[in-house]
Novice: 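Got a structure here, written out as structure tokens. Questions coming.
Quick note on labels: first sequence line is chain A, next is B, and so on, each numbered from 1. Note that these values count all heavy atoms, side chains included, but never hydrogens, waters or copies made by symmetry.
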Amino acid sequence: MAPSNFIRAIIDEDVETGKWDGRVMTRFPPEPNGYLHIGHAKSICLNFGLANDFGGRCNLRFDDTDPSKESMEYVESIKADVRWLGFDWQDREYYASDYFERLYDYAVTLIKAGKAYVDDLSPEEIRQYRGTLTEPGKNSPYRGRSVAENLDLFTRMRDGEFEDGARVLRAKIDMAAPNLLMRDPTLYRIKHVSHYRTADRWCIYPMYDFTHCLSDSIEKITHSLCTLEFEINRELYDWVLDALAVYHPQQIEFARLNLTHTVLSKRKLIELVKGGIVDGWDDPRMPTLSGIRRRGYTPAAIRNFCERIGVAKANSTVDIALLEHSVREDLNQNAMRVMAVLNPLKVVITNYPEDRQEELEADNNPENPSAGSRRIPFSRVLYVERDDFREEAPRKWFRLAPGREVRLKHAYYITCNEAVKDEQTGEVIELHCTYDPQTRGGWSQDGRKVKGTLHWVSSAHAVEVEVRLYDHLFSKEDPNAVAGGEDFKEGINPDSLQILPNCRVEPALADAKPGSRYQFLRLGYFCVDPKYSAPGKPVFNRTVTLRDTWAKIEKSQKNKA
RNA sequence: UGAGGGAUCGUCUAGUGGCAGGACGACGGGUUCUGGCCCCGUUAACCUAGGUUCGAAUCCUAGUCCCUCAGCCA
């Protein structure tokens, strides 16, 4: 069971008092005008999670009332993302556009009750009549039209007699209301635009404030959860339902998710995609669910994350380290361990026979013995990580350096005797080491210990692959906090993507399936990219690094120096 | 300067009149064939000022700061 929060407290009480006959009915109501991101995941987990925990149901409802922005492509991507996250709406897949006829009838009812009128004012005029935050608005000259005239005009709006923007249907509330939203809000506008589901059946479309509450009402929602920016809308939500005297759910607002080093506004995300700054909506650096999925995150990791961050009414920004922790936790338990060398440095085992090779046993996951083991080839020429060798070992260095002995994971102890350099550049291009045949499998009978254990691959057997290393898309903790005139895109991390074309991995990985996840020993978790991999030629995305204690030690050593 | 909301460790979040707890991070240690995982420990908070009370994060009063709203978007 998820930790408690103020919404659970409300539902607990409602269940106890029988307010909704013990029912819990929620809904996730996206507009199909873009891709879902990690912020939506919070809402999805909340709505479906609550319904699940209280024995209720959660609907998937598309709030598709603005045909100029919506499409089936978005509907499909949203459904795929919700399903991927692990939630099931069964047959309850609803569309506000399916309610258009009933919504129209409700509007007519409102007109007949003298609670709505057709206004001929232009958008500009409506804005002027609305007043300001501190001054009241004034009534439209068309506000006093008779019910009959309003009915006639509204019918003709529907019939397509008028141009876009010529007239709107407005609720007749109070032009002096302190809440601007209550100053005769627009209920219907004319848009001669084809809708992706209703095609050309309609040329008038209902506004959010009219549609959402009534859709909730139609679906007998009990708790209508939305984000804080809709607090102002609640008064109107309640007004519409009261005016029509229909079933009346309770709207409850919670704070949307913000993440450090990340932007989550739809506008900014679109800008990144359209500007070609990222490789589409599913770029592994994007906070979209499709991007996160391609990056290698698991649904369970996202769900755990959403549970951990909690739900409250205060604006807050979650440290992205918590997201990273969640995926490490899942992958540590479930990802198969393999060896990969990102920046290969050649190692020749000088006392190992040239024509010999052997296979060594390697466990697939120490966290899960049932994952079994595999055999990996060993031979005279190997690759190790360039970073694992230093000509001059710093303090606390456990790895390879001249004269140092280390363990090759699952293999042998080796001792570095010589670093061969390029005569021109002075760069170390090869290491000459000797191995101890008595340490096969990585154990020494004489009980001597080595501090360091390195990952490696056999040169002759290794497969060359491309690996993509990702870092936060934004260097700044809060990319939204930009000085006047500055563009948020200036905060983009120039090193957020690093492509390494010449990495070496264990031979078995040549056939790794797209989407499959591994731990590259001592490096991090990696996932086979579904977009750029080809059969026999996988491309690996780094999901997240392993925690790196040595990097911290080194950093603090540098700071002291 | 209208209306509606919100302030608890560095971050996120519990607590609703009775020992301010958890998670992440940071720091230190133990363990280890991954400088991973795991384990142990340390650090560290009630926006301010009054009041009520035996006792206040919680109730009252007055402030301060932050967020949202002037789309025919959602």
Novice: OP1 or OP2 of B:rG71 sitting under 4.0 Å from any side-chain N/O of A:R130?
Specialist: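 Yes, A:R130 has a side-chain N/O under 4.0 Å of OP1/OP2 on B:rG71.
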Novice: In terms of relative ring orientation, are A:Y412 and A:Y435 parallel, tilted or perpendicular, with 30° and 60° separating the classes?
Specialist: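 Judged by the thresholds at 30° and 60°, the geometry between A:Y412 and A:Y435 is perpendicular.
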Novice: Write down the distance separating the P atoms in B:rG18 and B:rC60, rounded off to the nearest Å.
Specialist: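 Roughly 16 Å separates the two P atoms.
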Novice: Could you give the distance separating B:rC69 and B:rA74 at their C1' atoms, to the nearest angstrom?
Specialist: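 Approximately 14 Å lies between the C1' atom of B:rA74 and that of B:rC69.
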Novice: Would you say a side-chain N or O of A:R547 is under 4.0 Å from OP1 or OP2 of B:rC37?
Specialist: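 For A:R547, the contact criterion (side-chain N or O under 4.0 Å from OP1 or OP2 of B:rC37) is met.
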Novice: What is the separation between atom CG on A:L133 and atom C1' on B:rG4, rounded to the nearest whole Å?
Specialist: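 The answer, rounded to whole Å, is 12 Å.
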Novice: Nearest-Å distance, NZ (A:K409) to P (B:rU34)?
Specialist: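 Rounded to whole Å, this separation is 5 Å.
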Novice: Step through the shown structure and confirm whether more than 12 heavy atoms of other residues, nucleotides or ligands are within 6.0 Å of CD on A:E163.
Specialist: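 No, CD of A:E163 has 12 or fewer neighbouring heavy atoms, counting only those of other groups under 6.0 Å.
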Novice: Using a heavy-atom cut-off of 4.0 Å across all strands, would you classify A:L408 as base, sugar-phosphate, or nothing?
Specialist: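 Here A:L408 touches no strand at all.
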Novice: Let me know, please, whether A:R328 or A:K449 comes out on the 5' side of the other along RNA chain B by nearest nucleotide.
Specialist: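 Between the two, 5'-proximity favours A:R328.
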Novice: Could you tell me the separation between the CG atom of A:L323 and the P atom of B:rA23, rounded to a whole number of Å?
Specialist: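 Atom CG in A:L323 sits about 19 Å away from atom P in B:rA23.
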Novice: Using only modelled atom types and a 3.5 angstrom limit, is any donor from either the side chain of A:E367 or the base of B:rG36 paired with an acceptor on the other?
Specialist: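 Counting by modelled atom types and ignoring angles, a donor-acceptor contact under 3.5 Å is found here.
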Novice: Do the side-chain N or O atoms of A:S316 get closer than 4.0 angstrom to the phosphate oxygens (OP1, OP2) of B:rU13?
Specialist: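 So the side-chain polar atoms of A:S316 do come within 4.0 Å of the phosphate oxygens OP1 or OP2 of B:rU13, strictly under.
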Novice: Looking at the side chain of A:A312, which of B:rU13, B:rG25, B:rA70 is the nearest nucleotide?
Specialist: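 Closest of the options to the side chain of A:A312: B:rU13.
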Novice: With hydrogens left out and only the distance checked, is there a donor-acceptor pair under 3.5 Å joining A:R337's side chain and the base of B:rU34?
Specialist: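 Check passes, donor-acceptor contact within cut-off.
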Novice: Using a cut-off of strictly less than 4.0 Å, decide whether A:T549 has a side-chain nitrogen or oxygen near OP1 or OP2 of B:rG36.
Specialist: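 Result: yes.
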Novice: Using whole Å, report how far CD of A:E385 lies from P of B:rG35.
Specialist: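 Spelled out: CD on A:E385 to P on B:rG35 is 12 Å.
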Novice: Which part of the nucleic acid, if any, lies within reach of A:R407 when heavy atoms closer than 4.0 Å are counted: base, sugar-phosphate only, or nothing?
Specialist: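 Contact class for A:R407: base.
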Novice: For A:K313, answer base if it contacts any base atom (sugar-phosphate contacts may also be present), sugar-phosphate if it contacts only those atoms, and nothing otherwise; contact means non-hydrogen atoms under 4.0 Å.
Specialist: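 Contact class for A:K313: sugar-phosphate only.
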Novice: Does OP1 or OP2 of B:rG71 have a side-chain N or O of A:R127 closer than 4.0 Å?
Specialist: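 Yes, A:R127 has a side-chain N/O under 4.0 Å of OP1/OP2 on B:rG71.
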Novice: From C-beta outward on A:I232, which listed nucleotide comes closest to its side chain: B:rA74, B:rU34, B:rG4?
Specialist: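 Within the option list, the nearest is B:rG4.
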Novice: Please report the distance separating the P of B:rC46 from the corresponding atom of B:rA20, rounded so that it comes out in whole Å.
Specialist: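 It works out to 12 Å between them.
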Novice: Using the closest heavy atom to pick a nucleotide of RNA chain B for each, name whichever of A:D119 or A:K552 lands nearer the 5' end.
Specialist: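 Comparing both residues, the 5'-ward one is A:K552.
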Novice: Please check the phosphate of B:rA74 (OP1 and OP2 only) for any side-chain N or O of A:R189 closer than 4.0 Å.
Specialist: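 For A:R189, the contact criterion (side-chain N or O under 4.0 Å from OP1 or OP2 of B:rA74) is met.
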Novice: Any side-chain N or O of A:T65 less than 4.0 Å from the OP1 or OP2 oxygen of B:rA74?
Specialist: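 Yes, such a contact exists.
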Novice: Is there a side-chain contact between A:I309 and A:L323 (heavy atoms, below 4.5 Å)?
Specialist: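 They are not in side-chain contact.
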Novice: Measure from the side chain of A:M207, starting at C-beta and using heavy atoms only, and say which of B:rC72, B:rG36, B:rC12 lies closest.
Specialist: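 So the side chain of A:M207 is nearest to B:rC72.
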Novice: Under 4.0 Å between a side-chain N or O of A:H325 and OP1 or OP2 of B:rC24?
Specialist: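 Checking B:rC24 against A:H325, a side-chain N or O does come within under 4.0 Å of OP1 or OP2.
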Novice: I want to verify the glycosidic state of B:rG63; is it syn or anti under the 90° rule?
Specialist: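 Judged by the O4'-C1' to base torsion, B:rG63 sits in anti, the angle falling more than 90° away from 0.
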Novice: Does any N or O donor sit under 3.5 Å from an N or O acceptor when you compare the side chain of A:R399 with the base of B:rG35?
Specialist: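 Yes.
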Novice: Give the rounded distance in Å between these two atoms: CG of A:L259 and P of B:rC24.
Specialist: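 Rounded to the whole Å, the gap is 17 Å.
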